[in-house]
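Chain A is the first sequence line, chain B the second, and so forth, proteins listed ahead of strands; every chain is numbered from 1.
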Amino acid sequence: MSAETILETQGLTKEFKGFVAVNNVDLKVRRGDIHALIGPNGAGKTTFFNLLTKFLPPTRGRITYNGTDITHERPAQTARRGIVRSFQISAVFPHLTALENVRAALQRNLGTSFHFWKPERSLHHLHGRALELLHAVDLQDFANELTVNLPYGRKRALELATTMALEPELMLLDEPTQGMGHEDVHRVTQLIKKVSQGRTILMVEHNMNVVSSIADRITVLQRGAVIADGPYAEVSKNPQVIEAYMGSTENELQGAH
Amino acid sequence: MAANELLRIENLHAWYGESHVLHGVNMRVNEGEVVSLLGRNGAGRTTTMRAIVGLTGRRTGSIRIRGQEAIGLAPHRVAKLGVGYCPEERGIFASLSAEENLLLPPTIAQGGMSVDEIYAMFPNLQERAASPGTRLSGGEQQMLAVARILRTGARLLLLDEISEGLAPVIVQKLAETIRTLKAKGYTIVLVEQNFRFAAPLADRFYVMEHGKIVRDFAQSQLQENMGMLQEYLGV
Amino acid sequence: QAQTGPVRIGFITDMSSLYADIDGPAGAEMIKLAVQDFGGKVLNRPIEVLTADHQNKADVAASKAREWIDSQNLAMLVGGTSSGTNLAMAGIAKEKKRPFISIGAGSARLSNEDCTPYTIHYAYDTVALAKVGGSALVKAGAKKWYFLTADYAFGHSLEADATTVVKANGGTVVGSVKHPLNASDFSSFLLQAQGSKADILAMANAGGDFVNAMKAAKEFGITKSMKVAGLLVFINDVHSVGVSNAEGLQVADSWYWNQDDESRKFAKRFFDKYKRMPSSLQAADYSATMNYLKAVQKVGTTDADKVMAELKSMKYNDFYHKNASVRADGRMMHDMYLFQVKSAKESTTPWDYYKLVAKVPGEQAFTTVAESKCSLLKK
Amino acid sequence: MEIFGIPHQAFLGQLMLGLVNGAFYAMLSLGLAVIFGLLDIVNFAHGALYMVGAFAAWIMLDKWGVSYWWALVLAPLIVGAIGVVIERLFLKRLYGLDPLYGLLLTFGLSLILEGAFRREYGVSGQSYSVPDLLSGATNLGFMILPNYRAWVVVASITVCLATWFLIERTRLGAYLRAGTENAKLVQAFGVNVPLMVTLTYGAGAALAGLAGVLAAPVIQVTPLMGSNLIIVVFAVVVIGGMGSILGSVITGLLLGIVEGLTRVFYPEASNIVVFVIMAIVLMVRPAGLFGKEA
Amino acid sequence: MSTPSSTVAVEELPVETPNAAVARHGQGMNKAVRFTYLGLLVLALVAPLIGLYPVFVMKLLCFALFACAFNLLLGFTGLLSFGHAAFFGFAAYVTGWFVKAQGWTPELGVLAGVVSAALLGIVFGVVAIRRQGIYFAMITLALSQMVFFLCLQAPFTGGEDGLQGVPRGKLFGVLPLVDDRVMYYVVLAVFIACFLGILRIVTSPFGQVLKMIRENEPRAISLGYEVDRYKLLAFVLSASLAGLAGSLKTLVMKFATLSDVHWSMSGEVILMSLLGGVGTFFGPVLGAGIVIGLQNMLADKVGEWVTVIIGVIFVLCVLAFRKGIVGELMAWRERRNAKR
Ligand SMILES: Nc1ncnc2c1ncn2[C@@H]1O[C@H](COP(=O)(O)OP(=O)(O)OP(=O)(O)O)[C@@H](O)[C@H]1O
Ligand SMILES: Nc1ncnc2c1ncn2[C@@H]1O[C@H](COP(=O)(O)OP(=O)(O)OP(=O)(O)O)[C@@H](O)[C@H]1O
Ligand SMILES: [Mg+2]
Ligand SMILES: [Mg+2]
């Protein structure tokens, strides 16, 4: 495996009671890329993510991360290795402040999380870094706001900040712009672009505007199997992809949005 | 005009617990029309739909469906007036198979789509029919949620973000479906983030902000309103 | 100990739980009745009765007793049902030096290894039940015994006491099965008992467990093939089982409402109020209170040591017992009885359940001085 | 012939008796599972309702001479009606809240019911006799089985299967299952959910009442009969997998048998064997034997 | 359980969020609250001097500690254990047995009780921790019932008579606990230490993680926290503190009895927390005071109605003031502040 490749799957397969949701997928993600995973509904994208993050055990196949076989690790182990996922639905701690949300992630690397005898003060030195991260997603003004009270788009931004706090090498984003208004879609797209500096991003997205504007590479899944792989320009012309996913060619670029 | 007015909302206020979300919504929908409700995240569009069906907390004002006041009615009575609601969060039932999900809503009136027609439209659903509802992929669940109310024969459809999470091909197919439904005389209220999807389908538009309707215009006035929409929605 | 203000008598028993029917609120009422019959006053001081529900919890009983003595200057304490609570109260009474009359406790420990100078064990104990019930049965030909025993301390000691008696009289124990406390179903245990081919099935359990076991024994036809004996049965239990189910059952007790005219007179007063007949414990509640008050009257003080001395030297003669006396260890020595439950036909009036089989003098019924480990006896 | 040192016949006899007890577990856990599965309420009052069922039968016989067979119909109706009242008066206010509140509320209700009956009828039980038609016993060769117990097994299994069919295989059942997950939405589809929920709780309560009537002739009728049993039944439901109707029935029957056999081989453990099994099952399958992994 | 997709607002058990409050209103406790605590402390210190019955107050403190321990789990971890009596009662027995039968000193006896409760907590935790909500409640209930039967049958517990006449002995060989007043101040000191300890646990880095788990468990997992281990630690901490309460109770009352391990005791501790206010710091203490006080008063006056009354309180709490007394007071103050 070349040093270029951060994540590789070989023959990755997931069957549900005889139904093959992910079928023999060989995928290489290059370090530093924004890699998009697209495909029709039910193609197996979310399942594939679930396999990578260990929320589901694979039926067959191997997952290699930075040269190590991580196929049989537990979810939390994988997360500590630097593979971090965001959820399809927004995932924040609603009754913590924005700052505390980010701190929650920073705290993990401190190694004091089982220390029930230490005061909360022992976490205060994390606030600087937390504010920095909030700043990166334009949330510095909301640091002490309870997260429930934030609008949807801000929550997504917060989630990204939290995810970044884990210093992930590889971020997995499942439909990061789903349910967002145009403004927010734009904001989040730029955010992804911004945070992709120095890390790798693998994302599922149905909004072709987003994909075409930021993805370096695209893999198309259909019925669990890879049908195309390459840069956007190339893949979007693939007749099989158009037929299975994009629909009539006129809509090619606008996609759904 | 008033003769075939199907839905008329006047001065509708709605609350979730303590929080006052709708501040006097006024709108009306005529029979056979497709009306689209636009607005930013959190503007109150979903809440309006839920308030019509009776799923919010306290509500005041007036909601007339075919002339009948529905503000005091329990949700199941509203449904019986011929209202089909497809919720934003899909509401697929985990303990029911995909097919059971599809067959769940009781038939309200004659003239709904048959199961065969539905399967022809969404082949994925037929393939996964025996699978537990929430084991379907996000998009498949979305298809199921829409298909489910097309079966019931409800003539007033409230569709909340139905194109969300769907592959472009399917979105195109949905657009087709809505045209067909309109042709058959269905009345549809469409809530969409996806402006490009809603724009060509709607006869009229309402724009919401902060729990109020701030603008309304017809399809023919779409071009001249683009500037305003840019401002409100960032389209 | 102040000799002014009201004379307070405390009664702590199970008012609401498992044993509330055999003693409980009606027992408290009998104590009040005794006070009323006595005239409501002693030594020119009014008599007050305090009652509390210990819910079968030893700690509740103990803390109540302690509180009354500490803050109400209690003169005397009557202990209702259950051994655990009574042992706890005896401990407190000893520490605080107050007369304590235990009515409803089964454990013979109260006047044996745990005896105190202030405890009087008034009604019955498990040793007496075993001796009275056991020896009569063995003598009547029931040689092979099988025990159905509640699997906790009380059941074990009942079985052990009875085993001693059976063996001493030449019988054998062919087996036993332990059932959990409050078992809802006894059929399985009874099937095992049936397989043992014993002459007699002895139930070393109490209350609801006994009632359930007895009913199931009838249902499975066990009463046809073997005799059944209840080692601790109150008349309320027989009532619950139903006389037709309990027919032939042998029961040991310290008193039966229908044993003589005096008792019937007492019972009638009780019946008028509660529409049921008193248990031996409720009778003993009355008797104990009455006799305590007499003793106080006689010695002219409520001082614990003086009253105790009188209680241990006087003779007891009332409807509850004749010619009885209290031994140095606190054991009330009185006659015990063996009854047999009548058949449905023989039972003519309500609550007419028993016929007398044998009367056993106290010396034969209770732990003998030789057997006892109580230090008060060994002077 | 002997099995593990006890005669073959006695072994079969014990199996049979275990089945009888299992029948009670099955019926009670069925009602519990129905209420839990469909309303998301852990009905702590179930034991008390069972007790009320038995008392209803007893009171009717004692006061008005109502026969067992009528009681079999009337008592569940009465208990069902009590269930309806409880749902309308109390539980209705808790929907949408953390399900733990339902547990705590019904716990309180069970204390009230139990306390009130205890106050009224004392604790030393009342007796209820086996109806004439079912009195007597049949010699099965390996044991003498009282006819009444045979009837209990047949009646309970029939009721359990009927309930299972209703819920898993009918349209009404589909409404109920969907209503559990998102009652509001089902209602928005045009189903009268509040009524359905009330009746379901009533039906679950009626099942407990029916079990109470069935039990009255075999054990003494006391205010405590429910609380003695309810925790074991909870364990049964947990082992079977909460919310699984069929699972709770099968587990109920099985555990009755296991418990029965424990009484033979190691009686001291018979009280805890169900809990031990529960612990083991949960280690191996956290969702219970028939439960779906969450 | 509610599906994540449901939009119906699910009201969780009311959990006050001290951090959030602090974050919003600046550091430190409200003055009024601080005065209340100070007043209570003074009252506690002089209680035996002003004629309050010390045994009663000690019993109350033991139960208050028990309720606080329970609340650490329910209020701050979101786990409802219906089997906490097992830890309380089992530790009570262990302490009683070591002190009475083995002649251990009281401090060693208490230590043994706490350790045994912690071990039992690990066993319970390993079996139950993987399930949540009511499943967790029912499993802990069933397990505690098992402990109850063990205590009923084990030879060293004295069966239904319980362990009686446990001597208090001398603390560290010097302090004569036999004197009710000495015992009282020891119990008070332990209680205050534990109360502060719980405050600390809740705000510690560990407490932060517990909070995350309560708020959004899948998210905590995805951040790399092994949530089961955190929950287990919380459970064991709570069990140990409950054990400590039980051990102390044995010394105070000189008894360990079956009622300490019975499931109705688990019900009582829930009632205490619920009544006072789940997830508040002082609520459980107040709740314990009310429940114990009520039982003490009612036992004589209403007799058989006690169960019914307790049941009614339960129902009222759940229906009418779910936040509990302290919780409702705090909510009221919050509303008033918001209006200003
Ligand atoms: N746990 C499961 N059990 C059974 N079938 C499943 C399960 N999870 C997913 N599937 C099926 O596997 C297929 C792939 O699902 P997946 O969620 O991965 O699709 P997706 O590519 O993410 O689609 P979408 O774009 O609609 O979100 C679907 O047909 C789905 O029904
Ligand atoms: N269940 C609820 N409880 C309390 N507040 C709510 C609830 N649901 C929505 N709200 C609030 O009501 C307001 C309107 O929400 P609504 O869901 O109607 O907006 P929307 O226009 O549909 O936006 P979206 O694009 O996010 O779906 C928002 O501020 C939201 O935070
Ligand atoms: Mg997906
Ligand atoms: Mg919306």
**Prompt:** Does the side-chain hydrogen bond (donor to acceptor under 3.5 Å, both in side chains) test come out yes or no for A:Arg103 and A:His127, once each step is laid out?
**Reply:** CA-CA 7 Å; A:Arg103 196 179 72 184; A:His127 287 187; 2.9 Å; yes
**Message:** Need one label for E:Leu223: side chain, backbone, both or neither, based on atoms under 4.5 Å from any heavy atom in chain A.
**Reply:** both
**Item:** Max heavy-atom pair count under 4.5 Å with chain E, selected residue of A:Ala104, A:Ala79, A:Ser122, A:Pro75
**Value:** A:Ala104
**Contact class of A:Thr163 relative to chain E, heavy atoms under 4.5 angstrom** = both
**Message:** Taking side chain as everything from C-beta outward and backbone as N, CA, C, O, which of these in A:Thr162 sits under 4.5 Å from a heavy atom of chain E? Side chain, backbone, both or neither.
**Reply:** both
**Request:** Verify the ring-centre separation between E:Phe136 and E:Phe235: is it less than 6.0 angstrom?
**Result:** yes
**Item:** Side-chain donor or acceptor of E:Lys211 paired with backbone N/O of E:Phe76 under 3.5 Å
**Value:** no
**Message:** Heavy-atom cut-off 4.5 Å, strictly under: side chain, backbone, both or neither for E:Leu237 against chain A?
**Reply:** side chain
**Prompt:** Is a side-chain N or O of A:Gln107 found less than 3.5 angstrom from the main chain of E:Pro205, in a donor-acceptor match?
**Reply:** yes
**Fill in**
Residue from A:Arg108, A:Arg80, A:Arg81 scoring the most non-hydrogen pairs under 4.5 Å with chain E is A:Arg108
**Request:** Spell out, as yes or no, whether a donor-acceptor pair under 3.5 Å connects the side chain of E:Ser204 to the backbone of E:Phe206.
**Result:** yes
